[in-house]
Protein chains: 2
Amino acid sequence: MGVHSVFVKDAVRIPTRRAIVDLPDRQSFPTLTDVARAAGVSTATVSRCLNTSGKVSGATRERVMRAVETLGYTPNFGARALAAKRTFTIGAIIPTMENAIFARGLQAFQETLHDKGYTLLVSSTAYRPDREAEQIRTLVARGADGLLLIGYERDPEIYDFLRSRRVPVLLAWAHQTGNPHPAVGFDNRGAMAALTRAVLAHGHTAIAVISGILRGNDRASERLAGIRGVLQENGLDPHALPVIETAYDIDNGARAFATLMQACDRPTVVMCVNDVLAAGAMQQARAMGIAVPEEVSITGFDDIELARLVTPQLTTVHVPHRQMGSLAARELVRMVETKGEGVSHELQSALRLRASLGRRG
Amino acid sequence: MGVHSVFVKDAVRIPTRRAIVDLPDRQSFPTLTDVARAAGVSTATVSRCLNTSGKVSGATRERVMRAVETLGYTPNFGARALAAKRTFTIGAIIPTMENAIFARGLQAFQETLHDKGYTLLVSSTAYRPDREAEQIRTLVARGADGLLLIGYERDPEIYDFLRSRRVPVLLAWAHQTGNPHPAVGFDNRGAMAALTRAVLAHGHTAIAVISGILRGNDRASERLAGIRGVLQENGLDPHALPVIETAYDIDNGARAFATLMQACDRPTVVMCVNDVLAAGAMQQARAMGIAVPEEVSITGFDDIELARLVTPQLTTVHVPHRQMGSLAARELVRMVETKGEGVSHELQSALRLRASLGRRG
DNA sequence: TTGTAAGCGTTATCAT
DNA sequence: ATGATAACGCTTACAA
């Protein structure tokens, strides 16, 4: 069975998991043939009217379009996919729809896609790599013309599979200079490094981190690496950094914060790998009667709306999600339509210094 | 052209908007025929292995599955859709992915769908009815086996179209007793009425409302009607109620709040039609130095995470979004598979009284 | 249990 | 500019 076993094994079972159920005769609708007959032309001509611009005389086109309208004709997607080997469908697989950062980026992604005549197919993985592999197969089997995936890190055999199926893939939410994979994103490590420098500049040295699960999540691990790198730069021991790793979720952020504050030496600042965890930390701080930023500072990452709604407002890193989604859509469509290689785009993130980060010393 | 003109007119243009682009020969993959040959059986047998449970002898099935694996066969979606007239795809059209309430419900919807072997196709309309009509056509053209739509209110010709195409449709996020359309949701009016009673019980009589755009949004208008109804019940004039109608969005909530508070008689409570608007109102209150709830109370609707993150925490109505999504998935699949009529389910919402609502008088 | 073969509704190649 | 017609890959009677 070799290396690919797990991945390939149920490649076919996914889309066929359940028996086809009897579907009481769904009435059938006008087809190309009906339109052709009504317009007194061949099906080829009708198809041309619908798909290509020139190639058909004005009079004929007129007649055909009238027939289309009268009959209420709608093209059959399956037949079209079968014949054209094209679906005008783009798949996107994201960790979750519940975090605003993906929701917002995806919204922009789908709007741009829609403008270009493509439909978006979305699924989410709950941050589970096995689920992602499964979703990728499903979307490919459904004939997605291209795929948007989040981040770089995944099993190489997934990339092999994708390459073998010749499906254009664009990565988003991350950008690593030098990595050959086409991606539209930003430098997670650099952004977090910049934030860490700001934290140090505020006089903090006792830093603790609340991180998302690192395994399979390069955005999280890059951000953590950004913090560690700056500590090292400044002669602090990156290995002494307390890090709590937990699933992205408000309650987990709260719990992690509680744990950190119960330790014997409390940190003076808690850096969270995203705003959701930071919001949880803030909530817990209030619950424990710990003043932010007087007793402890808290920082986030992403700059979702939450960041400005909590009190005090959250110091964080702003990421241009909408721009990223929209640019990714344009780039991916380009890749699909030109069969081109895909160009990476690095977007800029920006520090947002707000009241949750205070001065120390 | 008659009544249906606008709707029917470009029924065919949508999915074919752009010319088919040359797609350099995408390599071709093993087909059913290849598998059949490799396993030494007919294509029919392979198909049966993949789709039906009994009907094939153990030995044969074994051989076929081995062939499938070795070849790395994946069924062709278009061909399958064409032959079976089934896609195992469910479409959902929501106003926006950016509001957590839809994101969360949709996440649950898709998870349940996935468990049942269906794929979810999502699009969003930005609360624009014309966009919704367009998306509905697109999804139907793509062979969605069923559709999930939000709320009841839409152009009757859309319902006609859907009926004529025999596409099962389930509504969500709303439930109106007596309305024959199958829906999984809750009583928006009743829920808001309950909240309003609580507000009155806190001694408020000077109420103002920040509402979403009412046109085409029955959830919003039902909620508003809930408030008005209770005012009337209590001998207050529902027509004297100040209402600001604005798009769902934090900044709009803030602006609307500012307007209300600049009026000569300030309300003692601002009821917002959802939590997002309420969060904006809270933000603005802080910016204007208006104490909540001492000077003015604020209420929301939905109980998204935001509600507990803001200070003071938001009094709101809790809606079981995940349960709604999951139940909707089960019901819609049932409708699709049984060609059944669709059963409505009313879920219960619940008051969440928190600090943003204070006592007056 | 298995095989044969007729569609399914398009697109696209080749003629004309 | 238009028309015939052969794919496209699968499902499903109907036969054996």
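Throughout, a chain's letter reflects where its sequence line sits, starting with A, and its residues are numbered from 1. The structure presented is a predicted model; accordingly, all values stated were derived computationally and were not measured.
- Remark: A/R86 is positioned above the aromatic ring of A/F88, its terminal NZ or CZ atom under 6.0 angstrom from the ring centre and at most 45 degrees off the axis.
- Taking for each of B/V46 and A/T60 the nucleotide of DNA chain D with the nearest heavy atom, the 5'-most of the two is the partner of A/T60.
- Proximity note for A/N76 (side chain, C-beta onward) versus C/dT11, C/dG9, D/dG9: the nearest is C/dG9.
- The distance from atom CZ of A/F88 to atom P of C/dT10 is 15 Å, rounded to the nearest whole Å.
- Within the 4.0 Å cut-off from OP1 or OP2 of D/dG9, not a single side-chain nitrogen or oxygen of B/T31 is found.
- Listed pair B/S42 / C/dT4 fails the phosphate criterion, with no side-chain N or O lying under 4.0 Å from OP1 or OP2.
- Per the geometry, CG belonging to A/L82 stands 9 Å off C1' belonging to D/dA7, to the nearest Å.
- To the nearest angstrom, C1' of C/dG9 lies 19 Å from CZ of A/R86.
- Note: CZ (A/R37) to C1' (D/dT2) measures 18 Å, nearest angstrom.
- Within the structure, a side-chain polar atom (N or O) of B/T45 is placed less than 4.0 Å from OP1 or OP2 of C/dG3.
- Nearest to the side chain of B/Y73, among C/dT11, C/dC8, D/dC10, sits D/dC10.
- Once rounded to the nearest 0.5 Å, the distance linking CG of B/D145 with CG of B/L139 reads 11.5 Å.
- A donor-acceptor pair is defined here as one N or O able to donate and one able to accept, closer than 3.5 Å; no such pair exists between the side chain of B/E331 and the backbone of B/S344.
- Which of C/dG7, C/dA12, D/dG3 sits closest to the side chain of A/R48 comes down to D/dG3.
- If A/G40 and A/A83 are placed on DNA chain D by their nearest nucleotide, the residue sitting closer to the 5' end is A/G40.
- Salt bridge B/E134/B/R128: absent, no basic N to carboxylate O contact under 4.0 Å.
- At whole-Å resolution of the value, CZ in A/R80 and C1' in D/dG9 are 18 Å apart.
- Rounded to whole Å, atom C1' of D/dC8 lies 14 Å from atom CZ of A/F77.
- For A/A79, whose side chain is taken as the heavy atoms from C-beta onward, the closest listed nucleotide among D/dT12, C/dT10, D/dC10 is C/dT10.
- Atom CG of A/L32 and atom C1' of D/dA6 are 16 Å apart (whole Å).
- Contacts of A/L113 classified as side chain to side chain contact (heavy atoms under 4.5 Å, CB included), with partners at least two apart in sequence or in another chain: A/I90, A/F109, A/Y118, A/L120, A/A329, A/V333.
- Checking D/dC10, C/dT2, D/dT11 against every side-chain atom of B/S57, the shortest atom distance belongs to C/dT2.
- Looking at the side chain of A/K85, the nearest of the listed nucleotides D/dG9, C/dG3, C/dA12 is D/dG9.
- Regarding B/N51, its CG atom lies at a distance of 7 Å from the P atom of D/dT12, rounded to whole Å.
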